[in-house]
Amino acid sequence: MAKGITSRSENYSQWYNDIVIKAGLADYSAVRGCMVIKPYGYAIWEKIQRQLDDMFKATGHQNAYFPLFIPKSFFSKEADHVEGFAKECAIVTHYRLKNDPAGKGVTVDEDAKLEEELIVRPTSETIIWNTYKGWIQSYRDLPILINQWANVVRWEMRTRLFLRTTEFLWQEGHTAHATREEAVEETLKMVNVYADFAQNWMGMPVLIGTKSENERFAGAIETYCIEALMQDGKALQAGTSHFLGQNFAKAFDVKYQTKEGVLDYVWATSWGVSTRLMGALVMAHSDDNGLVLPPKLAPTQVVFVPIYKTDEELSLISEKVQELKKQLEAKGITTHFDNRDTVKPGFKFAEYELKGYPVRIALGPKDMEKGTVEIARRDTLTKEFVPQDGVAEYVVNLLDEIQSNIYNKALKFREETTTIVDSYDEFKRILDEKPGFVLAHWDGTSETEERVKDETKATIRCIPLEGDNQPGTCIFTGKPSERRVVFARAY
RNA sequence: CGGGGUGUAGCGCAGUCCGGUUAGCGCACCUGGUUUGGGACCAGGGGGUCGCAGGUUCGAAUCCUGCCACCCCGACCA
């Protein structure tokens, strides 16, 4: 186990915090509930951003940017939306400071009170739909397919690094359509983009489904989500895509004229993923040695560590490393040569494991003699000697192998911790004894979900789009159930 | 907002119950040397308003009063 990291089995939360902090991803900040994302963490976020952005562009979306502040009056136009967010908003009430008369720094200038308070956006539906009103007159103006990369603020009671911070970075897509069908199609398209990203880039299997009424986004008709399972058996909502119907169009009076000349309200969607994905990445794959990154999202995929006693040895090794580096880079692989002479190789090995570099290549006098390198893979912690001639090919294949291995490992874990239950007693027992997804019948009512939550802390993570859709009877009430849904305790 | 806990060097902590030399330890940091195939070793060195404000006392990290901050567990949530 790495120095200073709490064991995963001993205390999962502590382990998670240790990895985030010690791998250099993020740290607590001076501001309550907010975190500082450090350069290494941000580098990973940039990889995530870049790939998602490409996927959004490929599905016809454009980026734009809307204001951080939302006038209070905008916010209160959609009733469910207000209800859902009212309790967690940061509000700007003044616009000026003055010197404290008591001589203690500065104080708020009460004369500079705003006529109308500004809400720091917890999400941007309202400001965006207020804007869209001015952009849309005819069916020719539709669809509008826009995404924004932004920060938002939600004043949560309790925060956790990446998973729930007061301020967080995310992207939010906001689209406007002429028909219900087109908007529904967009909602589904984007939840599938998220699933694609989670599985093929993060190496994290997800379930795609809809949310129950209790868990639905405030103001949405239907919320689609991707739901992942962490290594402690708790679920994490990793992304959501909302079909908003005409709720926001009605609230902000956004109408368009159809081909036939009739006025109708516009149909809307919104969808988002956040820096929470960083937390998911950590919790899905990491071990007691530190972070494990999927090669596709690792800022640096291969690190070279020289082993040497003399300057002559180092210069020979350096020459070889430069040669190999070029070969790898020619194949699109990102590399780093750590030739620091201030720390020993063993220290570097431990450090790169902690930081989750997928592949480490060590090169020492023995290798120079035999014409080999020592290649270590982070996911399995195994090492192998490989001829220098074939390194580039070997690493290309190895990175693919690692990418699919960590996905398969996570998938296997999910399958092993997913249980089908048919009675409430069994349901409760499984939640404690074998945490994970629990597939059970549910009568479809909020009351039942609420009662199950109160008694077991488990919620309906999603009503899956695929899989077993046979009817049955609710484990709690015995009433008819259309199909099994996915329960779990969640973050 | 309820319950619990903690504030002492950059980080992690001991010391507080029972007041008494110059406040200590590990890691990290700096200097010099030896090392380098899994987190090196030796020697020397720098770094502290003991969370803040008052009080008691010859004397306070330690006792008393008030305040503040943060963490953990709940409720709330991407």
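Below, chain A is the first sequence line, B the second, and so on; all start at residue 1. Keep in mind that this is a model prediction, so the values were computed, not measured.
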Rounded C1' spacing from G10(B) to C42(B) in Å: 25 Å
Is there a donor and acceptor pair, one atom on the side chain of E353(A) and one on the base of G38(B), closer than 3.5 Å? yes
Closer than 3.5 angstrom, by distance alone: can the side chain of E78(A) be matched with the main-chain N or O of H81(A) as a donor-acceptor pair? yes
Distance in angstrom units between Q14(A) CD and U6(B) P, rounded: 16 Å
Could you list by number each residue of residues 224-240 of chain A showing a heavy-atom separation from RNA chain B of less than 4.0 Å, or answer none if no residue does? Q237(A)
Against the six-membered ring of F162(A), is R276(A) placed for a cation-pi contact (under 6.0 Å from the centre, within 45° of the normal)? no
Taking NZ, NE, NH1 and NH2 as the nitrogens, is one of them in E125(A) or K77(A) under 4.0 Å from a carboxylate oxygen of the other? no
For the CD atom of E323(A) and the NZ atom of K325(A), what is their distance to the nearest 0.5 Å? 13.5 Å
Return the value, rounded to whole Å, for the distance between atom CZ of F349(A) and atom P of A40(B). 11 Å
Have D232(A) and Y491(A) got a donor and an acceptor in their side chains that come within less than 3.5 Å? yes
Would you call R377(A)-E401(A) a salt bridge at under 4.0 Å N-O? yes
Should the pair E227(A)-R414(A) be classified as a salt bridge under the 4.0 Å nitrogen-to-oxygen rule? no
Rounded P spacing from U22(B) to U65(B) in Å: 29 Å
Y12(A) side chain to Q231(A) main-chain N or O, any donor-acceptor pair under 3.5 Å? yes
Looking at RNA chain B, which of residues 448-460 of chain A put a heavy atom within less than 4.0 Å of it? K453(A)
Would a line drawn from the ring center of F437(A) to the ring center of F487(A) be shorter than 6.0 Å? no
Taking atom C1' in both U21(B) and A61(B), what distance in whole Å separates the two? 16 Å
Interatomic distance, F347(A) CZ vs G37(B) P [rounded to whole Å]: 14 Å
Whole angstroms only, please: what is the CE-C1' distance between M278(A) and A78(B)? 15 Å
If the P atom of G12(B) is compared with that of U31(B), how far apart are they to the nearest Å? 25 Å
What residues from residues 17-29 of chain A pass a heavy-atom cutoff of under 4.0 Å to RNA chain B? Y28(A)
Tell me, with the steps shown, if E215(A) and K453(A) meet salt bridge (Lys or Arg N to Asp or Glu O under 4.0 Å). CA-CA 12 Å; E215(A) 301 278 323; K453(A) 183 184 177 184; 5.0 Å; no
Counting heavy atoms from C-beta on, name the nucleotide in G38(B), G39(B), G37(B) closest to the side chain of P365(A). G37(B)
Spacing of the P atoms in G37(B) and G74(B) (rounded, Å): 45 Å
Identify whether any heavy atom of D367(A) sits under 4.0 Å from a base atom; if not, whether one sits that close to sugar-phosphate; answer base, sugar-phosphate or nothing. base
Whole angstroms only, please: what is the CZ-P distance between R154(A) and C76(B)? 16 Å
Round to a whole Å and report the spacing from NZ of K87(A) to P of A75(B). 14 Å
For T165(A), report the nucleic acid contact type (base, sugar-phosphate, nothing); a contact means any heavy atom under 4.0 Å. base
Kindly assign one of parallel, tilted or perpendicular to the pair Y40(A) and Y357(A), based on the angle between their ring planes and the thresholds 30° and 60°. parallel
Measure the acute angle between the ring planes of W170(A) and F168(A), then classify it against the limits of 30° and 60° as parallel, tilted or perpendicular. perpendicular
Pick the closest RNA chain B nucleotide for K348(A) and for E167(A) by heavy atoms, then say which residue is nearer the 5' end. K348(A)
Mark yes or no for whether D288(A), through its side chain, and R8(A), through its backbone, hold a donor-acceptor pair below 3.5 Å. yes
So does K344(A) get a side-chain nitrogen or oxygen closer than 4.0 Å to the phosphate oxygens (OP1/OP2) of G37(B)? yes
Looking at every strand, decide which applies to F168(A) at a 4.0 Å heavy-atom threshold: base, sugar-phosphate, or nothing. base
I307(A), nearest nucleotide to its side chain (from U36(B), G39(B), C76(B)): U36(B)
Pairwise C1' distance, C25(B) and U35(B) [rounded to whole Å]: 26 Å
Sticking with atom P, work out how far A23(B) lies from G5(B), rounded to a whole angstrom. 31 Å
Any pair with a residue in residues 42-56 of chain A that passes salt bridge (charged side-chain N to carboxylate O under 4.0 Å, His left out), sequence neighbours left out, goes on the list, sorted by first then second residue, please. D53(A)-K57(A)
Contact nearer the 5' end of RNA chain B, comparing T159(A) with T166(A): T159(A)
Regarding R360(A), tell me which of base, sugar-phosphate or nothing describes its non-hydrogen contacts under 4.0 Å with the strands shown. base
Can you list, by residue number, the residues of residues 41-55 of chain A that have a non-hydrogen atom closer than 4.0 angstrom to RNA chain B? none
Would you say T372(A)'s side chain and M368(A)'s backbone share a donor-acceptor pair under 3.5 angstrom? no
Taking the six-membered ring for Trp, are the ring centroids of H61(A) and W271(A) within less than 6.0 Å of each other? yes
Nearest-Å distance once atom P is located in both G55(B) and U16(B): 26 Å
At less than 3.5 Å, do the side-chain atoms of K383(A) and the base atoms of G38(B) form a donor-acceptor pair? yes
Evaluate the ring planes of F66(A) and Y132(A), with Trp represented by its six-membered ring, and classify them as parallel (under 30°), tilted (30 to 60°) or perpendicular (over 60°). perpendicular
Can you tell me the distance, in whole Å, between the CG atom of N289(A) and the P atom of G39(B)? 13 Å
Go ahead and write out RNA chain B as dot-bracket, 5' to 3': ( ) for pairs within the strand, [ ] for ones crossing earlier pairs, | when the partner sits on another strand, dots for unpaired; Watson-Crick or G-U wobble, both distances under 3.5 Å. ((((((((.[[[[.)....(...]]]].((((((.....)))))).....[[[[[..)....]]]]])))))))....
Rounding to an integer number of Å, can you tell me how far E156(A) CD sits from G74(B) C1'? 15 Å
Consider side chain to side chain contact (heavy atoms under 4.5 Å, CB included). Of V391(A), T335(A), V395(A), V302(A), which one does L324(A) pass it with? V391(A)
Is any NZ, NE, NH1 or NH2 atom of the basic residue among D432(A) and R489(A) found under 4.0 Å from an Asp or Glu carboxylate oxygen of the other? yes
